[in-house]
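Heads up, the thing below is written out as structure tokens.
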Amino acid sequence: TSPGGNGYRTMAFLRVARGLVYSLGAGYTAALGYSVVEHDPLESHIASSVVTSAMWMRGSPLHTIYYKFISDTPASIVDVTALKVESCLRKSGRLPDGITIKEIEVHPFGLQENGQPKGILSELVRVNCTFEGGVPLSVPSTFLIKMACNEFGMRMFGRVCLFKSEVDFYNKNLGTKGGLRVPECYFAEYDSLSGEVAIFLEDLSPLSAVDQLTGLTIDEAKLILTKLAGLHGRYWGLDQSSVEPDLTTVINVQHEKTLELLASFFGKNVQQFCPEVGDAVGYTFSEYMRSLLVDTMKPNMRKYADGLLWTRGRPLTLTHGDVRCENVFFTETNGEKDAIIIDHQLASLALGPLDAAYVMLSYGPDLTEAAELDLMEHYYSELLAVKPDLEYSFTEFCYDYISGYTNLLYKLTLSGGDVAESYRRNQNVFHKFFARTDAMTQRLNTQEHFLQCCGRIIKNSETGKVSMAPITDIERLTVLPAYMQAYILQRSAPSVGDGGTNKITWLGLLGLV
């Protein structure tokens with residue numbers, strides 16, 4: 001693989017061939033999408049994603065030929081060869097000239113099925129390299145490679161809105177810039193033609209994530225919230241057209257046609273969500289949850305999807321989108337504990353408190369109201385420490401925090417039954433996750449909160465422009481649960497953000513006196 005060598009000439013030829021396939025494939029895919037959906041570019045993108053996801057399933061002739069003879073990037077465990085790994089590391093500048101990879105050992109890592117890697121959205125393998133000609137300083141001999149899973153529904157979902165986000169997250173170094181500790185990345189590439197992704201990541205062994213069944217301690221939860229508050233504070237105030245538009249996943253893109261399609265997906269999946277997922281994890285969802293999804297969210301989904309409702313005109317920030325126990329590793333240096341956060345495929349611009357809601361679902365003991373408020377107060381204080389001039393009341397934070405649970409249900413329902421089998425393989429973990437989600441949506445008056453937000457949608461019939469009616473903190477308070485109302489009023493009455501200072505008046509408005 002040195003310049004002038006046979007391996008080098010072979011890889012050069014493959015890159016030329018790959019470019020030709022890209023040109024032909026991209027033209028065919030575009031024409032296909034164009035003909036399927038009357039010339040709308042985003043609907044064409046979704047339509048072509050469905051078709052191409054089927055065409056590029058592993059084992060198909062097209063996929064086999066492309067990854068055996070043309071692509072220099074691995075797509076599955078069988079593609080992880082010394083030549084491809086070396087090519088990727090050289091492309092990223094991690095492997096200097098004169099050093100080659102003599103041989104590699106490849107082993108499945110994490111969740112497995114029949115000896116093969118098997119995750120919900122992705123698959124992991126551990127690679128051990130034997131170098132020749134020296135030892136590179138910028139890449140270790142052992143690391144992990146993360147690739148897309150081979151389940152059709154999740155591949156299509158990933159193609160539309162997930163895999164590129166994680167590649168951008170690492171290639172643009174957004175986590176580190178935001179003060180977040182993440183695994184070191186040695187190579188990251190998304191193949192828009194095949195929908196495959198390959199990310200070479202630091203092997204964090206012997207560290208391990210907290211078991212979801214055990215859950216986080218109060219100190220661990222606070223440490224994660226501190227890290228998230230730091231990330232959110234540093235990126236606070238972005239919008240969909242800001243400096244990192246590529247990180248806006250399709251779920252958060254404010255585009256009319258995309259939102260209509262996602263609302264349609266939700267409507268198709270929601271009816272079967274509770275029975276299918278409940279059966280997979282051995283949990284019977286409450287009537288409240290069923291009613292929230294089917295009777296409240298479904299008929300209002302078009303409004304919800306329109307800018308994800310509460311993000312319209314709001315200050316956004318970079319969020320992780322899936323902060324569960326399994327995605328956090330703890331380390332300790334000189335007595336100081338730190339958190340390393342992994343799995344950034346759901347990274348997007350959204351409301352910061354959405355991440356805080358996810359952390360609550362991973363708390364170990366039963367999440368009492370007192371413990372929840374303590375954690376919320378901790379996050380809010382840390383956020384203000386990073387951004388002291390932030391105009392963001394605690395009441396507004398609580399309101400957005402509840403939005404996190406609705407947002408979670410929205411994302412889960414969009415995936416529908418496509419991940420039910422993955423849930424079944426991890427039944428105990430997801431049984432607890434969905435049971436707590438169910439309980440929290442009830443405790444937080446999620447249904448009333450959702451309906452109030454829907455009532456604030458304003459759409460101009462002539463221009464089609466959508467906006468949100470202004471809302472005061474007193475109005476926000478009316479849909480917060482009673483324990484949260486009482487805490488806010490007791491915490492600092494003058495902080496309620498519409499100019500009043502009379503606690504008795506507020507209590508009267510809330511029907512508490």
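Computed from a predicted model, the values in this text were never measured in an experiment.
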task = Go through Val323 and Leu361 one step at a time and tell me if the side-chain contact (heavy atoms from CB on, under 4.5 Å) criterion holds.
result = CA-CA 9 Å; Val323 193; Leu361 293 173; over 6 Å; no
Spacing of CG belonging to Leu480 relative to CG belonging to Asp473, to within rounding of 0.5 Å = 9.0 Å
message = How long is the straight-line distance from CD1 of Ile218 back to CG of Leu223, given to the nearest 0.5 Å?
response = 12.0 Å
query = Distance from Gln490 atom CD to Gln485 atom CD, nearest 0.5 Å?
reply = 14.0 Å
request  = Walk me through it: do Asn173 and Thr176 pass the test side-chain hydrogen bond (donor to acceptor under 3.5 Å, both in side chains)?
outcome  = CA-CA 6 Å; Asn173 204 24; Thr176 304; 3.2 Å; yes
ask   = For the atom pair CE (Met440) and OG1 (Thr446), what is the distance rounded to the nearest 0.5 Å?
value = 8.5 Å
request  = With Arg476 as the cation and Tyr399 as the aromatic partner, state whether NZ or CZ is under 6.0 Å from the six-membered ring centre and within 45° of the axis.
outcome  = yes
ask   = Passes side-chain contact (heavy atoms from CB on, under 4.5 Å), Val210 versus Glu220? Steps please.
value = CA-CA 10 Å; Val210 174; Glu220 288 171 338; 4.1 Å; yes
inquiry  = Between Thr226 and His378, do the side chains contain a donor N or O and an acceptor N or O under 3.5 Å apart?
reply    = yes
task = Tell me yes or no: between the side chains of Glu396 and Tyr401, is some donor less than 3.5 Å from an acceptor?
result = no
ask   = Could you go step by step and tell me if Phe450 and Ile402 meet the side-chain contact (heavy atoms from CB on, under 4.5 Å) rule?
value = CA-CA 9 Å; Phe450 181 85; Ile402 296 175; over 6 Å; no
inquiry  = If we count only N and O atoms by modelled type, under 3.5 Å, do the side chains of Tyr483 and Glu372 hold a donor and an acceptor together?
reply    = yes
ask   = Can you check ring-ring contact (aromatic ring centres under 6.0 Å, His included) on Phe187 and Phe200, steps first, answer last?
value = CA-CA 5 Å; Phe187 171 82; Phe200 294 20; 5.1 Å; yes
query = side-chain hydrogen bond (donor to acceptor under 3.5 Å, both in side chains) between Thr478 and Glu475: does it pass, once the steps are laid out?
reply = CA-CA 5 Å; Thr478 59; Glu475 290 172 305; over 6 Å; no
ask   = Quick one: do the Thr333 and Glu336 side chains pair a donor with an acceptor below 3.5 Å?
value = no
key: Short side-chain donor-acceptor distance under 3.5 Å, Ser205 and Asp203   = yes
Kindly list each side-chain donor-acceptor pair under 3.5 angstrom involving residues 380-391, sequence neighbours excluded, with atom names and distances?
from   : atom 1 : to     : atom 2 : distance (Å)
Tyr380 : OH     : Tyr392 : O      : 2.5
Tyr380 : OH     : Phe394 : N      : 3.3
Ser381 : OG     : Glu377 : O      : 2.9

remark   = For Leu412 and Phe273, the nearest pair of non-hydrogen atoms, with its separation, is O-CE1, 3.6 Å
ask   = Charged N to carboxylate O below 4.0 Å: is that the case for Arg94 and Glu184?
value = yes
request  = Please determine if Arg126 and Glu105 form a salt bridge, counting it only when a charged side-chain N lies under 4.0 Å from a carboxylate O.
outcome  = no
request  = Please report the closest heavy-atom contact between His344 and Leu180, naming both atoms and the distance.
outcome  = CE1-CD2, 4.1 Å
task = List the steps, then state whether side-chain contact (heavy atoms from CB on, under 4.5 Å) holds for Leu201 with Tyr186.
result = CA-CA 6 Å; Leu201 293 168; Tyr186 312 113; 5.7 Å; no
Distance-only polar pair, side chains of Ser76 and Asp79, donor-acceptor under 3.5 Å = yes
ask   = Can you tell me if Gln345 and Lys146 form a side-chain donor-acceptor pair at under 3.5 Å?
value = yes
ask   = Between the side chains of Thr319 and Asp355, does any donor sit under 3.5 Å from an acceptor?
value = no
task = Identify the two heavy atoms, one from Leu174 and one from Asp168, that lie closest to each other, and give their separation to 0.1 Å.
result = CD1-O, 4.2 Å
request  = To the nearest 0.5 angstrom, please state how far the CZ atom of Phe163 sits from the CD1 atom of Ile199.
outcome  = 9.0 Å
query = How long is the gap from NZ on Lys298 to OG on Ser291, to the nearest 0.5 Å?
reply = 13.0 Å
ask   = With Lys227, which residues qualify under side chain to side chain donor-acceptor pair (under 3.5 Å), at least two apart?
value = Asp338
message = I need the minimum non-hydrogen distance between Asp438 and Ser286, along with the two atoms involved.
response = OD1-OG, 2.7 Å
Heavy-atom closest contact (Cys325 atom, Ser362 atom, distance) = N-OG, 3.1 Å
key: For Phe169 against Ala347, the heavy-atom pair lying closest together   = CD1-CB, 4.0 Å
Please list, one pair per line, the donor and acceptor atoms closer than 3.5 Å that link side chains of residues 428-436 to other protein atoms, with sequence neighbours excluded.
from   : atom 1 : to     : atom 2 : distance (Å)
His431 : NE2    : Gly282 : O      : 3.3
Lys432 : NZ     : Gln212 : O      : 3.4
Lys432 : NZ     : Leu213 : O      : 3.0
Arg436 : NH1    : Met360 : O      : 3.3
Arg436 : NH1    : Tyr363 : O      : 2.4
Arg436 : NH2    : Tyr363 : O      : 3.4
Arg436 : NH2    : Pro365 : O      : 2.7

inquiry  = Is the ring pair Phe397/Tyr379 parallel, tilted or perpendicular, if the boundaries are 30 and 60 degrees?
reply    = parallel
